[in-house]
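Only one structure is covered here, and it is reproduced in the block below.
Heads up: numbering here begins at 1 and tracks the sequence.
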Amino acid sequence: MNVITSPAASRRPALLRARGRLALTCAASLMGLCGSIATAQAASLPADVDGTRIINADKEPGNWMSTGRTYDEQRFSPLKQITDANVKGLGLAWQYKLDYNRGVEATPIVVDGVIYTTGSFAVVYALDGATGKLLWKFDPHEDMTRAGEFCCDAVNRGVAVWKGHVYVGTNDGRLISLDARTGQSVWQADTIVDHSRSYAISGAPRIVHGKVIIGNGGAEFGVRGYITAYDAETGRQAWRFYTVPGDPGKPQETPELQMAVKTWTGDAWYKQGGGGTAWDSMAYDPDLNLLYIGTGNASMWNYALRSQAKGDNLFLSSIVAINPDTGAYVWHYQTTPGDAWDMTATQHMILADLPIDGVDRKVIMQAPKNGFFYVIDRATGKLISAEKYAPVNWASKIDLKTGRPVFTGEASYWTKKGKVLVRPGFWGGHDWQPMSYNPQTGLVYIPKHVFAVTYENTPDYQYIMNKKHFYQLGVAAADMKDDPADMEKWARSWTGSLLAWDPVKQKKVWEVPYKTIYNGGTLSTAGNLVFEGTADGRVVAYRATDGEKLWQSPAQSGVIAAPVTYEANGAQYVTFMVGWGGAFPTFAGAASLDAGVRPWAQVLTYRLGGDAKLAEAHFAPLPIPAPPAQTASAEQVMQGKAEFNGHCSQCHGINAVSGGVVPDLRRLSAGQHQMFASIVKGAFQQLGMPSYDGVLTDEQITLIHDYLIKRAYDLKAETQNPGSPVTN
């Protein structure tokens, strides 16, 4: 591991010596006075957070010191200045425009009146919580040439803070420590174990016992998953836990991996990566001293091609409990054995004490992608209950005796010919957007999806195996016709809701329907409120007990991040990170356009009596240039469609319909058409378009261009039907 230390770190010995002199003086005399001085100095240190403060977060409810506010990740605030009785009086207090109009997924951290948050490309902002004034900004200058190597969009889910430092991960795989006072880099660690693979970081770090813990993404691109702990002070690696086994022909790194490798068959999975990346969710129980991590999908998705359709393939799609001091395995629970659909268990996990059958149980709760809500004993990993919270066809139920799903066979596309409908599809019944738990109502508030797509076996997977930049799934997913009617049909069928779920009774209490999927994460408060932003550009407050909408305000763009609440100068504030983007608008552009929003990234903060005026958003016009003549045959155009959807759709949208986050390639100018090949080969690298020189052949590039010309003509024809979501 490479650690780069900045000059700022050299100031620490002097600071430590100064603290030592202060301690000696206090020991000699004037204990009361010196104690006051020491307290004042500690309070003046920005982001002076440690484990004790996080564990005792309810004693200072005006702060939000960790991603989930507390280690249990409940995302519940005891603040109640804003209640269901007065929330209608909320007004805009301030707004701050972010640098990049891309997806915004961060949960802000708020400590002693200062907000620490991120926008796209991991740009870190420190803002005054009362006024929104910028205190400092840090741009990690992510490697734009790698923009095609990570899923999904240039998003970042926020920072962690610890003892005067701010920590952020970057899409190009670095973990960076910043001085919380100045925003200057203190150290940087390269977290990537194999630079020949497409690893990235989009998740927020967690810090336990002075160790900064971070995972990586990249399973769709062919990587081996792991999670790593680094010393918060020095950046040196403390431990690493691999989530899937290594070379089956060699001894594994740990005993649990020696156990796990027996659940895989063949060696195709190892050559291709295996997956299981821990790219988002974590939780920590300080009493049990257990860190819980959620692991992701397989690399590749196709179960038959990956593991000959045999074995559970541990630790894919699992909750894994490990010792945060050593990284040692303690227990695991696998939500989707042999996952073949991208049904990750990286979704938000919540720790709580629930009364079950008359006994208080220490549980961990999760609503992973697979559509079942799980309540698990967090000390042992034993399943307590599991029920469907969203439409499901891959399994009929979870057997409580074995803890395993009862597969229906309906979704086993690797055994069938043609397209197979799977519920839920790859964005799940619930994706990364955080849910919250209100211990006063006893309910969990879930950003739910109703989502189904087709999967089709593609046994020619070796065509793109082990190539950077490319999705390596072994399956064609969400295939749809170029016909606007077919694309609109899918767009209208993908809906969302805010679901209030009783985890003890395992049933719905109330539900608010939304126009589409991919709405924001949730926040619940002691004021009997649930706050959430929506895909169609609103920020909303509901009564927590019954779901009645009590307040809403325009956000000007889709909201996918989870809000937070805090106090500054005696007033309670609610902050939303706004910015349309992420996997849904980039990949499913036609469906995301149905939300009726465009990317516009900003921070919106509200308080009772706020009277700031929302500044106007500025959106560039969407031209429809005249495309060049089409000279390709119908067969070549269809080949180009397959090439495009296989290699380009993860950013530019299925069938070249962009959701507006990145350029819509149906709208290329005459000059861009002329230089299309050079753009693909790297002419626009510094603008975020990676080079595919040596990756795509000239023939492939020509076929893709042929298809885009055809789609440009389709767009011109579709303008005759301006109500279609694919033309907005």
Side-chain angles (χ1 to χ4, degrees), residues 102-103 105 120-121 144-155 171-172 197-200 202 216-223 273 275 277 279 296-302 341-342 344 425-428 431-432 451 453-455 458 461 463-480 487 490 494 517-518 560 580-593 599 640-666 679-680 684 688-692 695-696 700-701 704 707-708 711:
R102 298 286 292 264
E105 299 186 355
S120 302
F121 296 105
M144 294 293 191
T145 66
R146 296 195 53 216
E149 295 184 32
F150 45 81
C151 171
C152 304
D153 197 5
V155 296
N171 277 307
D172 54 13
R197 306 274 181 159
S198 295
Y199 282 101
S202 59
N216 298 83
E220 279 74 23
F221 295 87
V223 303
T277 48
W279 51 267
N297 55 278
S299 181
M300 60 186 54
W301 292 2
N302 193 314
W341 307 278
D342 188 22
T344 64
F426 46 77
W427 287 316
D431 204 349
W432 63 268
F451 178 63
V453 293
T454 59
Y455 291 64
T458 55
Y461 75 101
Y463 174 64
I464 59 171
M465 186 173 175
N466 296 338
K467 289 185 178 179
K468 295 179 76 172
H469 301 287
F470 290 152
Y471 274 16
Q472 299 167 37
L473 311 181
V475 58
D479 185 34
M480 58 186 71
M487 300 178 80
W490 286 106
W494 297 346
I517 66 172
Y518 233 65
I560 51 180
W580 191 227
F584 178 52
T586 51
F587 183 59
S592 74
L593 288 173
K641 177 180 179 178
E643 296 284 357
F644 179 90
N645 283 337
H647 308 322
C648 313
S649 61
Q650 65 264 29
C651 293
H652 294 282
I654 303 171
N655 296 3
V657 181
S658 170
V661 180
V662 295
D664 190 315
L665 300 186
R666 302 172 300 167
I679 293 173
V680 175
F684 286 1
M689 170 61 197
S691 172
Y692 288 83
V695 180
L696 290 173
Q700 288 174 299
I701 294 171
I704 291 170
Y707 177 62
L708 293 176
R711 296 297 287 136

One should read off an interatomic distance between Phe684 CZ and Ser691 OG, to the nearest 0.5 angstrom, of 13.0 Å

For a side-chain contact (heavy atoms from CB on, under 4.5 Å) check, start with the C-alpha distance between Ile679 and Met689, then their side-chain angles and the critical distance, and finish with the verdict.
CA-CA 8 Å; Ile679 293 173; Met689 170 61 197; 4.1 Å; yes

First locate atom CH2 of Trp432, then atom CH2 of Trp279, and finally report the distance between them rounded to the nearest 0.5 Å.
8.5 Å

Heavy atoms only: give me the nearest Ser658-Val661 pair and the separation to one decimal.
OG-N, 4.1 Å

Can Trp494 and Val453 be said to form a side-chain contact (heavy atoms from CB on, under 4.5 Å), step by step?
CA-CA 9 Å; Trp494 297 346; Val453 293; 3.5 Å; yes

Less than 6.0 angstrom separating the ring centers of Phe451 and Phe584, yes or no?
no

If you apply the rule side-chain contact (heavy atoms from CB on, under 4.5 Å), what do you find for Glu220 with Gln650, and how did you get there?
CA-CA 10 Å; Glu220 279 74 23; Gln650 65 264 29; over 6 Å; no

For the side chain of Thr458 and the backbone of Gly474, is there at least one donor-acceptor N/O pair under 3.5 Å apart?
yes

Nearest non-hydrogen partners of Leu708 and Ala656, listed with the distance
CD2-CB, 3.7 Å

Gln700 side, atom CD; Tyr692 side, atom OH - distance, nearest 0.5 Å
11.5 Å

Is there a donor-acceptor pair closer than 3.5 Å between any side-chain N or O of Arg666 and the backbone N or O of Val657?
no

Measure from the side-chain N and O atoms of Arg102 to the backbone N and O of Gly581, and report whether any donor-acceptor pair falls under 3.5 Å.
no

Minimum heavy-atom separation for Trp301 and Ala477, please, with both atom names.
CZ3-CB, 4.0 Å

For the side chain of Asp153 and the backbone of Gly103, is there at least one donor-acceptor N/O pair under 3.5 Å apart?
yes

May I ask you to test the Ile517-Asp431 pair for a side-chain heavy-atom distance under 4.5 Å?
no

Look only at the side chain of Thr344 and the backbone of Asn297, and say whether a donor-acceptor pair between them is shorter than 3.5 Å.
no

Without swapping roles, check the side chain of Asp342 against the backbone of Trp427 for a donor-acceptor pair under 3.5 Å.
no

Nearest 0.5 angstrom please: Asn216 CG to Arg197 CZ, how far?
14.0 Å

So which heavy atom on Leu473 is nearest to which on Met300, and how close?
O-CB, 3.4 Å

Hey, what do you get for CG (Asn655) to CG (Leu665), rounding to the nearest 0.5 Å?
12.5 Å

What's the shortest heavy-atom distance between Ser299 and Gly275, and which atoms?
CB-N, 3.4 Å

Kindly say whether Trp341 contributes a backbone atom to a donor-acceptor pair with the side chain of Tyr455 at under 3.5 angstrom?
yes

One pair to check against side-chain contact (heavy atoms from CB on, under 4.5 Å): Val155 and Ile560. What are the steps and the verdict?
CA-CA 11 Å; Val155 296; Ile560 51 180; 5.6 Å; no

List the atom of Gly659, the atom of Ser592, and the distance in Å for their closest heavy-atom pair.
CA-OG, 3.4 Å

Backbone of Ile654 reached by a side-chain donor or acceptor of Ser649 within 3.5 Å
no

What is the ring orientation for Phe426 with Phe587, classed by angle as parallel under 30°, tilted 30 to 60°, or perpendicular over 60°?
perpendicular

